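Before any comments, here is the structure.
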Amino acid sequence: VLYSPEAKTETVFISNMGNATGLAHDIVRDVYADKHHAWIASDGGLSKMDLKSQLIENYLPSPDNSDSVSENGLTSIDVDKQGLLWIASPFGLYQFNPQTHHFKHFVHDQKNPHSLAGNLLWDVFIDSDDRIWVGADSGLELYDQQHDRFIHYTQEEGGLPEVAVRYVFEDRTGDLW
């Protein structure tokens with residue numbers, strides 16, 4: 001639902017499965033809006049809505065296309081200072097470049113200790129220093145962009161009181177909650 005407080009109107013957008021003009025799915029998990037678009041993470045994939053025309057473009061899983069999301073069920077979305085979208089899912093983390101329409105997929109790799117600690121991700125958060133934090137079932141992850149690796153903060157390694165991290169939030173002093 002898009003609500004305009006000024007006009008006191010609401011517009012309902014629903015998924016039209018098989019119809020490219022609707023949202024990818026009715027179950028919306030997160031929305032990020034900039035001046036021109038709303039990016040919508042849903043159980044069906046990624047949708048981009050032009051805020052002026054209200055036209056929708058969907059980025060859906062495509063097994064034949066390695067440059068797409070690999071699964072449904074996107075859980076969280078945020079955008080870094082370069083304009084790249086970061087999308088959490090139960091199947092890893094995606095980086096999406098809206099200019100090239102290219103997806104980069106990060107997943108857990110048992111042979112690589114610097115990959116994600118697990119693939120079940122709940123939240124992605126870009127802090128005020130443009131660092132990418134990921135809340136996961138396995139703990140808290142920080143993506144080290146310079147070295148293309150993840151730093152793990154878990155109950156075992158970092159002393160977190162709980163294993164799963166569902167949300168990440170930065171307060172005014174820069175502390176993460």
Side-chain angles (χ1 to χ4, degrees), residues 1-3 13-15 23-34 37-49 58-61 68-98 103-110 112-177:
V1 174
L2 174 64
Y3 178 71
F13 297 92
I14 59 171
S15 88
L23 292 175
H25 200 279
D26 287 339
I27 299 176
V28 172
R29 302 291 179 181
D30 201 6
V31 176
Y32 179 88
D34 57 30
H37 300 99
W39 294 93
I40 302 156
S42 75
D43 279 6
L46 178 66
S47 299
K48 176 179 80 169
M49 177 189 295
N58 290 310
Y59 301 89
L60 306 174
S68 71
V69 290
S70 60
E71 303 284 344
N72 291 330
L74 307 179
T75 55
S76 176
I77 188 169
D78 207 347
V79 178
D80 66 21
K81 291 179 182 172
Q82 291 75 39
L84 300 174
L85 278 70
W86 294 85
I87 307 160
S89 82
F91 311 100
L93 180 68
Y94 293 97
Q95 177 196 69
F96 178 68
N97 185 327
F103 283 91
K104 181 176 181 180
H105 193 192
F106 300 89
V107 294
H108 171 68
D109 178 355
Q110 289 183 345
N112 180 357
H114 301 294
S115 72
L116 286 167
N119 288 330
L120 182 52
L121 310 181
W122 296 105
D123 192 26
V124 60
F125 177 77
I126 315 294
D127 71 14
S128 58
D129 291 324
D130 210 33
R131 294 178 296 188
I132 295 106
W133 295 92
V134 180
D137 245 27
S138 54
L140 183 65
E141 305 270 354
L142 172 62
Y143 178 59
D144 178 351
Q145 295 181 68
Q146 186 176 1
H147 298 102
D148 194 26
R149 66 185 190 142
F150 289 89
I151 300 167
H152 314 296
Y153 299 90
T154 64
Q155 196 172 31
E156 296 169 354
E157 296 172 9
L160 292 177
E162 297 289 328
V163 176
V165 175
R166 298 285 179 139
Y167 300 100
V168 183
F169 173 79
E170 181 179 21
D171 66 22
R172 289 184 215 162
T173 65
D175 290 334
L176 295 179
W177 295 78

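As the structure is a prediction and not an experimental result, all values here were calculated from the model.
Asp130 is linked by a salt bridge (charged side-chain N to carboxylate O under 4.0 Å, His left out) to nothing, counting only residues two or more places apart in sequence or in another chain.
Atom-to-atom distance recorded for Trp39:CH2 and Asp78:CG is 13.5 Å, nearest 0.5 angstrom. With rounding to the nearest 0.5 Å, the separation of NE2 in His114 from CD1 in Ile151 is 9.0 Å. Note: Tyr153 OH to Leu176 CG = 9.5 Å, rounded to the nearest 0.5 Å. Between the CG atom in Leu85 and the OH atom in Tyr94 there is a gap of 14.0 Å [rounded to 0.5 Å]. Rounded to the nearest 0.5 Å, atoms CD (Gln95) and CD (Gln145) are 7.5 Å apart. Taken to the nearest 0.5 Å, the CG atom of Asn58 stands 7.5 Å off from the OG atom of Ser42.
A distance-only check finds a donor-acceptor pair linking the side chain of Asp171 to the backbone of Thr173 [under 3.5 Å]. Side-chain atoms of Asp129 do not come within 3.5 Å of backbone N or O of Arg131 as any donor-acceptor pair. Ser47 places no side-chain N or O within 3.5 Å of a backbone atom of Ile40 that could act as its donor or acceptor partner. In this structure a side-chain-to-backbone donor-acceptor pair under 3.5 Å is missing from Ser89 to Gly73. The backbone N or O of Ser138 sits nowhere less than 3.5 Å from a side-chain atom of His152 that would complete a donor-acceptor pair. Checked by atom type and distance alone, the side chain of Asp30 pairs as donor or acceptor with a backbone atom of Ile77 at under 3.5 Å. No donor-acceptor pair under 3.5 Å is formed between the side chain of Glu170 and the backbone N or O of Trp177. Side chain of His108 to main chain of Leu116: a donor-acceptor pair is present (N/O by atom type, distance under 3.5 Å, no hydrogens or angles). The closest donor-acceptor contact from the side chain of Asp144 to the backbone of Phe150 lies at 3.5 Å or more, if one exists at all.
Aromatic ring orientation, Tyr59 versus Phe103: perpendicular (interplanar angle above 60°, classes split at 30° and 60°).
Closest of all the heavy-atom pairs between Phe106 and Asp148 is CE2-OD1, 3.6 Å. Considering every non-hydrogen atom in both Ile132 and Ile126, the closest pair reads CG1-CD1, 3.3 Å. Listed here is the closest heavy atom pair of Ser115 and Val107: CB-O, 3.5 Å. The heavy-atom pair separating Trp133 from Asp127 by the smallest distance is NE1-OD2, 2.9 Å. The two atoms that bring His105 and Phe91 nearest to each other are NE2-O, 2.8 Å, heavy atoms only. Closest non-hydrogen pair, Val165 versus Leu140, comes out as CG2-N, 3.9 Å.
Residues Ile87 and Leu46 form a side-chain contact, since some pair of their non-hydrogen atoms from C-beta on lies under 4.5 Å apart. Using a 4.5 Å cut-off on side-chain heavy atoms (C-beta onward), Trp86 and Leu93 make contact. Contact annotation: the side chain of Thr75 approaches that of Pro90 to within less than 4.5 Å [non-hydrogen atoms, C-beta and beyond].
A salt bridge between Arg29 and Asp123 is absent, with no side-chain N of the basic residue lying under 4.0 Å from a carboxylate O of the acidic one.
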